[in-house]
Amino acid sequence: MKLGGILRFVRRDSRGSRGSLVFFVACVAIGVAAVVAVDGVARAIDAGLRSRSRELLAADIAVQGRQPLPAELDAAIARVAPDAERIDVRELATMAGALSAAGDVERSRLCELKVVDAAYPFYGELTLEPAGRLADLLDASTAVVAPELMSGLGLAVGDTVRVGGADFRVAAVVLDEPDRLDFALVLGPRVFLSSAGFDRTSLLGVGNRVKYRALLRLPGNPVEDELDRVKDELDDSIPATVRLRFETHFEAQPGVRRGLERFASFLGLVALLSLVLGGIGVAEVVRSWLRSRTIGIAVWRVMGLRPREILVLHVAHIVVFALIGSVLGAVLGGAVPFALPALMPDLLSADLVESWQPLALLRGIGLGVGVALLFALSALTAVWRVSPALVLRSDAEPLPAPRLVRIGALLLLGGGLFASAWIQGGRADYAGWFTGGLAVLALLLFLGARALVWCAGVLPRGRFGPTVAHGIAALARPGVGTVGAIVSLGLGTLVVTGMALIERRLQSELRGALPENAPSVFLVDVQPDQWEAVERVLADGGADRIDMVPVIMARLAAIRGDTVASLVEDRGDDDERERGERDEGDRRPRRWALTREQRLTWLDELPDSNRVTARLAANAADDVLWRDPERDEISLEEDYAENLGVGVGDSIAFDVQGLEFEFLVSSLRQIEWESFDINFFVVVEPGALDDAPQMLLAAARVASSAEDAIQDQLVQSFPNVTMLRIRPILEKVADLLGRIALGIRVLGAFTILAGVAILAGSVGASRLRRGNEVALLKTLGVTRRGVLQLFAMEFALSGLVAGALGAAGAYALAWGFLEHVVELEADLPPLGFVLAMGLTATLAVTAGIAASLRALRARPIESLR
Amino acid sequence: MTSRRVECRGVGKVLPSGGEQLTILRDIDLAIDAGESVAILGPSGSGKSTLLGLLAGLDRPTTGSVLLDGEALEDKDEDELALLRRGKVGFVFQAFHLFANLTAHENIRVPLDLTGVDGSAERATELLERVGLAARAHHYPSQLSGGEMQRVALARAFGPNPSLLLADEPTGNLDSKTGERVLELLVEMRERENTTLVLVTHDPAVAARAERRIVLEAGAIVSES
């Protein structure tokens, strides 16, 4: 049969079935819209990051380190790129304060300080108010600050702000900064200082929390290869033990994009879920559509159409309608990247989003048609069974599809789902979990639905009123697609309810009271000679549980006598952090672990949040941490030790300000980070490093009402000290979580929509039967209202069953996740269960009645025809 | 010279029914020549329709052999049977079985398009005129009366000039007057095209319009006239 003939068939033949195929189209469109929306937004942001990569880096090449950039770098730049222009940038979190008339700090805020040269930025615009060039506005006595700090401190342009003990006149407000991403998690608003201004502060000695960055601009608009070459040559000129990160603008924010990719792959799978549910709907609709066509197919067969031609015609039908649904969904989903910047202006600026993403549309359409076909195929194999003799005898023997075809269709479905999940999630193991998990969940829901349908069948219905009895009977009626609708509606309920439960619990944990013993503020960079006075400020402010530990900045020098330089050499160029997992069996220490700046402390005893997992046999007997009187001991966090490839009994050496200290690894620990205790990867025996240059890190529990006063006083008296408040940080994390959860919930709502479309579809497909039923009921004297009630009861029961199954699944999953993954007391609200059931039932009744409106109009006379 | 159109040799049909084997037809021997018209008579459940299905290769006999134009149907697979029917065998049903989603004209075109007849649209129009329904070409089956539907079905069945026309109670769903007119049309069209006709009915008056009558009872031929 030729293509033209097939298409003509589809066009003509769809006339009678367009009604039920509307639901088919809806099922596909909903899923495709979700898939395209996620993919489109991810691509739009990715493309936006790429197209603005230069402004976002504010340079052609950026070099970043945690230490002052070494002299070797200057030499290397002079040699490799002698014509390059350079701006040096320093960034750190510190405190900013507004002054009272008396010159005391009366309000203070945590801010992110950025110290730049006049030429900043090379690329992109720094938008200032009043308008002007940064170079003209910024000198040793001025600062440029973000509007949030102005309002937070009650400042106006021209007022004075105190940063690091020095006072600056606010010369302008910075409205937009090219190399700052709206959706990055930031500690506080921006403050710009010039280098000369920074030199006036007392922050110079702080040193250890500063990010040092050199921005390079190369002449002649160099291409990617050229920049890569310069970057590699610079990297090669730096000693391997110095940890610097080189980035060209062509890499376009690799860290952000990796995060985005991971997020998109997770959301992509959630979106796929609604497409798969849509697929279940497709299978249902196709099944009942074929049922209503059985005689027609038999007539085709009598006229000499071969089974495979019938299959081709029906597949063509499915493809055409899947295509219509997919295109519709792609248009809907494709609109999301256009709408998003307007909906979330604080999260995404419009110029960061390249909304037109044809590839996302194409991929969505491909997935939509593919998934629809996969689910339709197993239903379509029934076409084989239609015997032409059916035109003569209603009990004509069915012709089974060849076993190979049936098994093939099932295998194809499983394989196709796996492939779709792989496309969406980007990883085979995710795809495996997704497919497997979905199969198990669907199977459980299916068994649950079957069991309930069975129960409905054996329940003595006479006991109930006629309406309920009819509803129960309708639930039990074989072959009405009830089970499919219940499974998909239940899955939708499961996803949405489960997410809501988990999110609600996490939010209450994050926004609620801090754990009883947890500190609420941390003080960073306290000088040892300041401690006494700082402690008094804390105590006077009503703080309790004041805790303090010394912090020493150190770098690893050697492991078991091998110098870090030689170990790095052995490691070669492969940086596993970029690659993610390291190869199985690779016991060599990781490069990042070898070269990172490491904070050490000394302790007599470990906090409660530490659990020793391995210790030297010499002190295995009791809890005393340090036992070897001959040698200086060290205790390492388990994973850190693994990354270094060291174990108990090994020797390890640290370089502290040019002096090398050797230690014996005498224990390994596991740390419960969520306790908010002060914890360190590396703890050394007291006495070994007591005289090394150190800072203090303090923690205390302060009533939230007292935090401002303590902070103001610290900013006034100890400008070098930075106070980190846990509550606002947790608030920020909760906000971020809320945004993520919103995305998941919106996508979850799509799965419910898919479930509703399926229910409506299966109801719509049984229109003929329902029409007859309505006519018969009316003939028997049931009023329109009565019929409506009968139907509503039937849908309500389906909805209740789906809601109960879905909610049960959601509670089980949420409980398991909270108790065993997050390790929180689950504490799930029982009312949610009832709510989920009620809402699902309401949705089911609405969708069911809407889909049977035509059947409800059937006149009694039709029962005679 | 006449040739053998259809032949049954010792045909039997057994169907499983609730765990038992139900014999529908037993040992049917029957030969129908080209151009002949034969009525199969019998009460309900005598196996008339089953026999008709076997003659068209819609179903397979449990025993024996059915030959259509000398070709044994049991040797053929589903596809070959379908191709054999295409254009060669016309069917008229008691329940009309028109495609509800196609107009009268389109219904008639279906078998014509399937056999690849050139000018199927013109031919369909001509057939509609022949059955007196030219004015209803673009009506859907639901807009036609029973008699009109059966006339469309006749036009559809005769469209590709089949050599064998099988009719299963063609007037069974019609009132006697309408049935009479449809039967008239059927006989007239058959005679004009010289089509072999096998007609199943329980009505002796209908059977009287055929040249030969075969009476089935409980799955066996009990008389021929």
Side-chain angles (χ1 to χ4, degrees), chain A residues 1-2 4-21 289 292-313 317 383-402 405 767-768 771 862 865, chain B residues 13 15-17 22 24 47-54 56-60 77-103 106-107 109-116 140-142 146 153 156-157 159-160 162 166 168-169 200:
Chain A
M1 199 175 263
K2 293 196 189 81
I6 292 176
L7 289 178
R8 199 166 56 230
F9 164 87
V10 171
R11 187 172 56 77
R12 281 186 193 158
D13 208 45
S14 66
R15 274 179 211 150
S17 29
R18 275 175 204 165
S20 61
L21 290 178
W289 175 58
S292 72
R293 295 171 59 85
T294 314
I295 291 289
I297 293 171
V299 177
W300 283 106
R301 298 274 282 112
V302 169
M303 289 186 176
L305 220 59
R306 286 170 286 182
R308 78 172 100 110
E309 285 169 317
I310 288 184
L311 190 69
V312 167
L313 290 176
H317 221 123
V383 166
W384 247 285
R385 300 191 181 156
V386 178
S387 157
L390 209 63
V391 292
L392 301 172
R393 288 200 331 263
S394 61
D395 62 340
E397 290 163 78
L399 303 169
V405 173
R767 199 181 61 226
L768 206 63
E862 286 166 34
R865 289 187 181 157
Chain B
K13 179 73 181 175
L15 285 177
S17 170
L22 195 65
I24 310 286
K48 307 183 297 281
S49 295
T50 305
L51 181 57
L52 200 68
L54 292 177
L58 303 185
D59 218 346
R60 289 165 187 280
D77 65 18
E78 281 296 313
D79 283 351
E80 289 166 332
L81 285 175
L83 292 177
L84 191 72
R85 277 197 297 273
R86 197 177 279 189
K88 199 169 190 176
V89 181
F91 240 109
V92 178
F93 309 98
Q94 178 174 1
F96 324 132
H97 288 327
L98 295 180
F99 295 107
N101 45 348
L102 303 186
T103 62
E106 286 169 341
N107 259 290
R109 271 185 73 176
V110 167
L112 297 171
D113 284 338
L114 270 179
T115 44
Y140 287 94
S142 58
R156 183 174 73 174
L166 303 171
D168 182 28
E169 302 271 15
V200 159

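Residue numbers begin at 1 in each chain, while the letters A, B, ... track the order of the sequences. As a basis for the values below, the full set of heavy atoms in this structure was taken, side chains included, without hydrogen atoms, waters or symmetry mates. All of these numbers come straight from a predicted model, not from anything done at the bench.
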**OP:** Answer whether the closest heavy-atom distance between the side chains of Asp79(B) and Pro307(A) falls below 4.5 Å.
**Re:** yes
**OP:** Name the region of Val110(B), side chain, backbone, both or neither, that has any atom closer than 4.5 Å to a heavy atom of chain A.
**Re:** side chain
Subject >> Heavy-atom pair count under 4.5 Å with chain A, highest-scoring of Leu83(B), Asp113(B), Leu81(B) >> reply: Leu83(B)
**OP:** Determine the option with the most heavy-atom pairs under 4.5 angstrom with chain A, choosing from Leu102(B), Asp168(B), Val200(B).
**Re:** Leu102(B)
Original post:
Below 4.5 Å, heavy atoms only, C-beta onward: do Glu309(A) and Leu114(B) meet side chain to side chain?
Top reply: no
Subject >> For Asp59(B) against Ala389(A), the heavy-atom pair lying closest together >> reply: OD2-CB, 3.8 Å
Original post:
Side chain, backbone, both or neither: which part of Thr103(B) has a heavy atom under 4.5 Å from chain A?
Top reply: both
Subject >> From Arg306(A) atom CZ to Arg86(B) atom CZ, the distance as rounded to the nearest 0.5 Å >> reply: 5.0 Å
**OP:** Return yes if some donor-acceptor pair links the side-chain N/O of Arg85(B) with the main-chain N/O of Arg301(A) below 3.5 Å, else return no.
**Re:** yes
